Amino acid sequence: MQQTSTDSTTMAHKTPPPGPRGKPIVGSMLDAWRDPLVLMYEGFKTHGPMVQFRFMHLRYVTIADADAAHYVLVENAKNYHKSRNYQGLKVLLGQGLLTSEGDFWRQQRKLAQPAFHRERLTALGDTMVRCGQDLLTRWEREMRGKTFDLHSEMMRLTFRIVGLTLLSVDLDNEAKTVGEALDVALHWANDYVESVVRLPLWVPTAKNRKFAEAKNTLTVMVQRIVTERREAIARGDAPGKDLLQMLLEAVDADTGATMSDAQLIDELLTLVLAGHETTANALSFALWLLAEHKDIRTQMCEEIHTVLGDRAPTMSDLPKLTYTTQVIEEVLRLYPPAWCFEREALSDDTIHGYHIPKGTLLGIAPYVLHRNPKYFADPLRFDPSRFAKGSASERPKHAYLPFGGGPRICIGNAFAMMEMQLLLAMIVPKFALERVPGHEVSLDAAVTLRPKGGLPMRSPAV
């Protein structure tokens, strides 16, 4: 692939990527508001793996090509930073890992990285399993023979896990309140990006007031946890080296500075809220798909029984749960929680012969990329066997991006995979969940990809 940002001969031929003309003035904006997943996927099928849309005055190019994604995320990453569309998330998450840039981001990533090293993750497995066992006990008592919202249950479970593992605090009683606040905040951030006129937060519209209340709920919770930890440190009875403790003790090697409370809150909001929500989405879609594909569930249960018998899983079991891992990987292919992540061109560039002017927004879209038949045959079919041993060598590395790629790959990817492996190995054999007849699940492609309006499922009586 020949791509340069400086070759004058190449740049002289300024061919834009193909794409729809759209409507006068607004271009494809109304279609994006209506359903960005349909817009991007239909654009891919009609125009190919690089499609240029016009959203009023903005150029927006979607990428569903592995080589082009590799170029933007790795080869020429210095020319692409987070797009302006992350501004809504910045209002919510401040300068956390997800939204910060440059030297500040590198410093914060370096400070947080040790909390996610594999040897530390091993110690967290027991906590994840304990939370899973508590869920199963409650479901046996309360859910048998009933219909319930699976997504809210997974949100509650992963929120409790992230609180216990990263902060050493049991947040189970706050899951409902925080879940509702997070839902309001994420949709506000998404609407903020899509707004033609972005009203400042101090303008007292109904949406702004609801967002301010939601953000206050989240910030107060995190601030309380930080304050309680500082008090515990002063008393000499703080817990061990969890993420919070590491961030509190982190010192910049060059300046000797520690994190301010504002920085600390931004990082904790990012890691706790974004981390638990994306995993909950993936677990929800996994159990929903397994309810429809009973043969795959049966094969998964047979593997789990062979490896575990009737006991709970441990970290040492995970390498043996190969088919279970394939199921998770296939779920993340079809329903990647980070369904699109964006970059903005800092200077003119050329990708696959197409001219990318400075200021162009690029949407690297795993939701579409993972449906490219060049990399995945019969891409709409749920088929975990496509991730069997050796299959990854048959496709380019950046054809599969459930956690992003390049230097900004998700810091919690190993944490999330471990959590999903352990929890599904516990839940799937115990509960043969059923879909609710007549209920059509639609997708909510906001900041993350989640089931719109929850995910009602039924647990048959035994």
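Heavy-atom basis, side chains included; hydrogens, waters and symmetry copies ignored. These figures come from a predicted structure and were not determined experimentally.
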K14 and T350: CA distance, side-chain angles, deciding distance, side-chain contact (heavy atoms from CB on, under 4.5 Å) verdict: CA-CA 8 Å; K14 297 186 177 182; T350 300; over 6 Å; no
Geometric cation-pi criterion R59 and F53, 6.0 Å radius, 45° cone: no
Flag if over 12 foreign heavy atoms under 6.0 Å of CD1, I25: no
Distance (rounded to the nearest 0.5 Å) between E329 CD and M420 CE: 9.5 Å
Residues, nucleotides or ligands: over 12 heavy atoms within 6.0 Å of K358 NZ: no
Between NE2 on residue H276 and CZ on residue R160, distance to nearest 0.5 Å: 14.0 Å
Listed partners of R450 passing side chain to side chain donor-acceptor pair (under 3.5 Å), at least two apart: D183, E277
Geometric class of the Y80/Y71 ring pair [parallel <30°, tilted 30-60°, perpendicular >60°]: perpendicular
Option among E174, K176, R138 that satisfies the side-chain contact (heavy atoms from CB on, under 4.5 Å) test with R156: R138
Gap between atom CE of M418 and atom CD1 of I328 - 0.5 Å precision: 12.0 Å
Reported OG1-to-CD1 distance for the pair T360 and I351, which is rounded to 0.5 angstrom: 9.0 Å
F387 ring center within less than 6.0 Å of Y400 ring center: yes
Approximate separation, where rounding is to 0.5 Å, of Q326 CD and E303 CD: 8.0 Å
Chi angles and distances behind the salt bridge (charged side-chain N to carboxylate O under 4.0 Å, His left out) call for K82, E344: CA-CA 6 Å; K82 291 272 186 168; E344 185 169 341; over 6 Å; no
By side chain to side chain donor-acceptor pair (under 3.5 Å) - contacts of R109 (at least two apart): Q113
Spacing of L401 atom CG and H398 atom NE2 [to the nearest 0.5 Å]: 5.5 Å
Derivation of the side-chain contact (heavy atoms from CB on, under 4.5 Å) call for F415 and L166: CA-CA 11 Å; F415 180 98; L166 300 186; 4.2 Å; yes
Name the atoms and distances for all side-chain donor-acceptor pairs under 3.5 Å in residues 34-41, with sequence neighbours left out.
from	atom 1	to	atom 2	distance (Å)
R34	NH1	D31	OD1	2.7
D35	OD1	L37	N	3.1
D35	OD1	V38	N	3.2

L449 and L443: CA distance, side-chain angles, deciding distance, side-chain contact (heavy atoms from CB on, under 4.5 Å) verdict: CA-CA 7 Å; L449 186 63; L443 301 178; 3.9 Å; yes
Other residues, nucleotides, ligands: >12 heavy atoms within 6.0 Å of H57 NE2: no
Quiz item: cation-pi between R371 and Y367, 6.0 Å / 45°: yes
Criterion side-chain contact (heavy atoms from CB on, under 4.5 Å) on L150 and L287, from CA distance to verdict: CA-CA 9 Å; L150 176 66; L287 293 167; 3.7 Å; yes
